Each structure stands twice: as C-alpha cells, then as structure tokens.
Amino acid sequence: MKSSPVKRPVFIQLWKIRFPMAAVLSIGHRISGLLLFLSLPLWWYVFDLALSSEQGFSDAEQIIRSPVMTLALAVLVWSLLHHFLAGIRYLLLDIHIGVDRQPARISAWVVSLLAIVTTLVVLWGWVL
Amino acid sequence: MASGLNAWFLQRLSGIYIAAFLVYLLVLALTGAPISHIALREWLANDLHAVLLLFFAAALLQHAWIGVRDIAIDYLRPDSLRVLVMTAIGIGLLGLAIWAVLIVLGR
C-alpha cells in the first residue's frame with residue numbers, strides 16, 4: 001500500500017468522452033456481471049424452494065412470475081446474455097481471434113446487438 | 001506472485017464450465033420433460049448430476065468472487081473499505097457454498 005501518490009491530471013467527465021463500442025461492451029460486461037452476482041442469493045433460494053416440496057415448487061413459480069420479479073428477470077436475462085456473449089468474445093480474443101481493430105469493432109457491435117435481440121426474443125417467449 | 005495470471009486463468013476455466021452447464025440446462029429445458037417438482041428431484045437424484053451441479057455452484061461462486069474483486073479494486077477506496085466489503089462478500093459466498101452442499105445433501 002503506497003503512500004499518497006504524485007498528483008496527476010484527472011478527467012472523469014464521461015459524457016464528454018467518445019467511447020469505442022468495445023468500451024461500451026466492456027462496461028456492460030462489468031455491470032451485467034455485478035447484477036448477476038447480486039441475483040445469486042435469489043437463485044439459491046428459488047432452487048431450494050422448488051426442490052423442497054410440490055407446494056414449494058409452486059411457491060417458487062409464483063415468485064418468479066410475480067410482476068416485480070418479471071421486471072427484475074428482464075434485466076437479469078439481458079445481464080446473462082450480454083455477459084455470456086461478451087465473455088465468448090473475450091475467450092476468442094484470448095486465443096487471438098478477432099484481435100485486429102476492424103474485426104474487434106465489428107464483433108463488439110454484433111455482440112451488443114445480439115444480446116439485446118436475444119433478450120427480447122426470450123422475454124417475448126416468456127410472456128407468451 | 002502470479003495472482004493476476006491465476007485470476008485470469010480461473011475466470012476462463014470457471015467461465016467455460018458455467019457456459020457449458022448453462023447450455024446443457026437450456027437443452028434440457030427445451031427437449032426434456034416439462035419442468036416440475038418431480039422432474040427436478042429425479043434429475044438431482046442422479047449422483048453425476050449432483051456432482052456436476054456442485055461444480056457449477058463452485059464455478060459460479062469463484063467466478064463471482066474474482067469478478068467483484070476486480071470491481072472493488074477499481075472503485076473502492078480507501079483500502080480499508082475495500083477489505084471490509086470483500087470480507088463481507090467472501091463470507092456471503094462461503095455461506096452460499098455451504099447452502100449449496102446442504103441443498104444437494106438433502107435431496
């Protein structure tokens with residue numbers, strides 16, 4: 001743990017900085033990860049409940065299908081899809097696939113849009 | 001110390017297992033028997049499934065720990081606050097680990 005470091009210029013007016021798509025994808029990956037982490041206790045609880053008894057299973061269903069949960073679920077579905085798809089893009093980058101600027105830019109857009117589209121598809125299927 | 005390298009590797013390892021398991025669950029949900037209490041119990045009664053599920057829980061918790069740790073390192077200052085928060089989260093995640101074992105043992 002260092003002592004007080006040298007004063008360096010700081011610029012954190014994020015709204016004034018133009019971010020590449022890969023940066024947007026990256027912060028989305030971080031935010032979605034955080035949201036998924038926060039939802040872990042919920043999944044544990046719902047799984048425990050569903051496994052406990054027939055009544056427990058139906059209670060778990062009630063919880064999942066409640067209006068409040070439906071909204072949270074929409075966010076979590078996006079979180080899972082974005083984190084998963086962006087994660088795959090990172091794995092490919094790790095083995096040097098798509099590292100060049102153009103492909104990286106394109107894949108960042110593709111993943112971001114794919115995450116949103118599949119989220120809508122899942123939610124549409126869920127609601128039906 | 002190669003803690004950065006270890007963290008990088010563990011995130012890939014756990015991430016891949018989590019992704020594979022989720023795909024497995026998806027395929028199961030789409031092609032298997034309708035999801036019901038009985039179906040759930042029958043699935044978990046299989047010892048291999050129980051082990052794979054516990055691996056899944058472990059992978060999730062470890063992946064979450066490193067992920068949140070990275071966020072804490074970037075944004076939580078001073079160090080004492082970060083240590084406090086990560087300790088609380090660590091205890092919470094350990095609690096989930098114990099809970100997972102209890103759930104599976106109670107099947």
Side-chain angles (χ1 to χ4, degrees), chain A residues 1-5 10 12 26-62 64-65 76-77 79-95 118 121-122 125-126, chain B residues 8-9 11-16 18-23 25-26 29-30 35-45 50 53 56-57 60-72 74-75 77-80 82-83 89 92-93 95-107:
Chain A
M1 300 186 195
K2 290 199 189 125
S3 57
S4 175
V10 167
I12 322 181
S26 176
I27 194 65
H29 191 244
R30 174 164 277 197
I31 291 171
S32 60
L34 187 62
L35 291 172
L36 288 169
F37 157 72
L38 293 172
S39 75
L40 288 179
L42 174 68
W43 302 124
W44 251 247
Y45 177 72
V46 165
F47 183 70
D48 194 359
L49 190 57
L51 197 61
S52 64
S53 64
E54 282 289 359
Q55 181 59 47
F57 186 89
S58 117
D59 287 345
E61 252 189 315
Q62 296 281 64
I64 298 278
R65 290 187 181 278
L76 288 172
V77 165
S79 297
L80 183 61
L81 285 167
H82 182 99
H83 201 84
F84 179 97
L85 293 171
I88 292 184
R89 177 175 174 274
Y90 282 131
L91 287 173
L92 291 173
L93 288 173
D94 281 342
I95 54 176
T118 41
V121 167
V122 167
W126 177 259
Chain B
W8 174 86
F9 178 72
Q11 288 305 72
R12 270 67 187 164
L13 191 67
S14 60
I16 290 170
I18 290 168
F21 195 84
L22 286 175
V23 169
L25 288 182
L26 182 68
L30 293 176
I35 303 170
S36 68
H37 173 71
I38 290 294
L40 207 58
R41 292 196 83 139
E42 282 177 357
W43 182 86
L44 198 55
L53 186 68
F56 180 63
L60 274 177
L61 296 172
Q62 178 267 301
H63 196 88
W65 167 257
I66 293 183
V68 178
R69 189 203 66 154
D70 285 351
I71 294 175
D74 281 348
Y75 305 136
R77 270 169 254 137
D79 290 339
S80 52
R82 194 188 80 240
V83 168
I89 289 175
L93 291 176
L96 287 181
I98 294 168
W99 191 2
V101 171
L102 291 177
I103 290 174
V104 170
L105 286 179
R107 67 202 158 109

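Keep in mind that what you see is a predicted model, and the values were worked out from it rather than measured. So you know, we letter chains A, B, ... as the sequences are listed, proteins then strands, and number each from 1.
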Residue [X] versus chain A: region with a heavy atom under 4.5 Å:
X       : result
B:Val23 : side chain
B:Ile16 : side chain
B:Trp8  : side chain

Taking atom CG of A:Leu38 as the centre, report whether more than 12 heavy atoms of other residues, nucleotides or ligands fall under 6.0 Å from it. yes

Determine the minimum heavy-atom distance between A:Phe84 and B:Ala19, stating which atoms define it. CE1-CB, 3.5 Å

Do A:Tyr45 and B:Trp99 touch side chain to side chain, with heavy atoms closer than 4.5 Å? yes

[atom1]-[atom2] distance between [X] and [Y], expressed to the nearest 0.5 angstrom:
X        : Y       : atom1 : atom2 : answer
A:Leu36  : B:Ile18 : CG    : CD1   : 9.5 Å
B:Leu96  : A:Leu40 : CG    : CG    : 6.5 Å
B:Arg107 : A:Leu51 : CZ    : CG    : 10.0 Å

Any donor-acceptor N/O pair, B:His37 side chain to A:Ser53 backbone, under 3.5 Å: yes

B:Leu60 and its side chain to side chain contact (heavy atoms under 4.5 Å, CB included) partner, picked from A:Trp44, A:Trp43, A:Phe37: A:Trp44

Give every residue pair that meets the salt bridge (charged side-chain N to carboxylate O under 4.0 Å, His left out) criterion with at least one member in residues 26-53 of chain A, sequence neighbours excluded. A:Arg30-B:Asp74

Where on A:Ser52 is there a heavy atom nearer than 4.5 Å to chain B: the side chain, the backbone, both, or neither? backbone

Which residues share a side chain to side chain contact (heavy atoms under 4.5 Å, CB included) with B:Leu13, sequence neighbours left out: B:Phe9

